[in-house]
Amino acid sequence: MNLVTTVAELRAVLREPQRAGRTIGLVPTMGAFHEGHLSLMRRARAECDVVVVSLFVNPSQFNDAADLIGYPRDAERDAARASDIGVHYLFAPAVEEVYPPGFATTVSVGGLTDTLEGRHRGRAHFDGVTTVVTKLFNMVGPDVAYFGQKDAQQALVIRRLVRDLDMPVRIEVCPTIREPDGLALSSRNAHLSPDDRARAAALHRALDAVQRAVAAGERDPAAARLPALAALRAAQIEPEYLELVSTRTLVPVDRIDGEILAVVAARVGATRLIDNRLIQPSPNPDREVATVATAAPTTA
Ligand code: PAF
């Protein structure tokens, strides 16, 4: 695996495979790799001729300076893990390479970003994500880019970005990888104290509770949320949000008539965690790993 730190070098190494018509896969990351990241890299490796992993802790998407400073970083370990998987290029630019002095452009997706994470983290969060992802797509020129279902809203926003700006890249959204007790893998889990780590599995239990209520025939979203709220409160967790939303618009549903997305965000101790579950009124095992972002985009 080769470590690349500048856009010029990246373009130079990708010129030949691109000219030869090789498929380029990009896995955008902020590092601190866990099995979730590695599963995206393996998928890219299985589907593409050349795999580029970007490692850039993007300052513009952090709404909280302390969160940015404390974000877990372990570049050496990350490089070793990516190399073991057979990633071809690890692109790890410095902040000034991505945002040179005088940088003044923001790429912003409307509608879908106003709710959930956008509402709780502020407008700048998704603007930071869509701006850096646009830049990464322009730098790498990937045929396919891989994102995790754990960040379901991000995946939907990026699909909309790509569609609205006619970006020639296919977006693949891959299933959430979980700990044995159901906790979704996240770089932020490293910050959980042992006690908070045990409590954090309640987010998964809350989503289970919504799913069970819907499977038992509950069609009223308010009623389906009740056992989920109870599961969180049993672990002394007060959610920032726990919503049952449309998989296309992310607007809360009035009634559970078709596929919905149950989304939750909560602070567990000092660590903010998110999770989600795609839920269908009539369970279909074939859709177990389906992603919100497979839904056809519509105007939010
Ligand atoms: O999901 C992430 O890790 C980040 O939001 C991304 C897509 C790499 C952009 O910085």
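Quick note: residue numbers are just sequence positions, from 1. Each ligand, and each atom within it, is numbered from 1 in the order the structure gives. Computed from heavy atoms alone, side chains included, the values below leave out hydrogens, waters and symmetry copies.
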Q) So His120 and Tyr241, would you call those rings parallel, tilted or perpendicular, with 30° and 60° as cut-offs? A) tilted
Could an N or O of ligand 1 be found under 3.5 Å from any N or O of Thr29, whether backbone or side chain?
no
re atom 3 (O) of ligand 1, the protein heavy-atom contact at minimum distance is Met30 CG, 3.6 Å
The atoms of ligand 1 lying under 4.0 Å from a heavy atom of Gln154, numbered in the order shown, are 1 (O), 2 (C), 4 (C), 5 (O), 7 (C)
Val132 heavy atoms within 4.0 Å reach ligand 1 at atoms 9 (C), 10 (O)
Candidates His125, Gln61, His37; heavy atom nearest atom 6 (C) of ligand 1 found on Gln61
Note to self: Could you go through Asn58 and Gln61, starting from their C-alpha distance and side-chain angles, then the distance that decides it, and tell me whether this counts as side chain to side chain donor-acceptor pair (under 3.5 Å)?
What the structure shows: CA-CA 6 Å; Asn58 176 33; Gln61 72 186 76; 2.9 Å; yes
**Message:** A quick test of your reading: do over 12 heavy atoms of other residues, nucleotides or ligands sit less than 6.0 Å from CD of Glu16?
**Reply:** yes
Quick note on ligand 1: atoms under 4.0 Å from a heavy atom of Pro28 include exactly 8 (C)
### Phe56 and Tyr99 aromatic ring geometry - parallel, tilted or perpendicular at 30°/60° bounds
tilted
Among side-chain atoms of Asp127 and Thr106, is any donor-acceptor pair under 3.5 angstrom? no
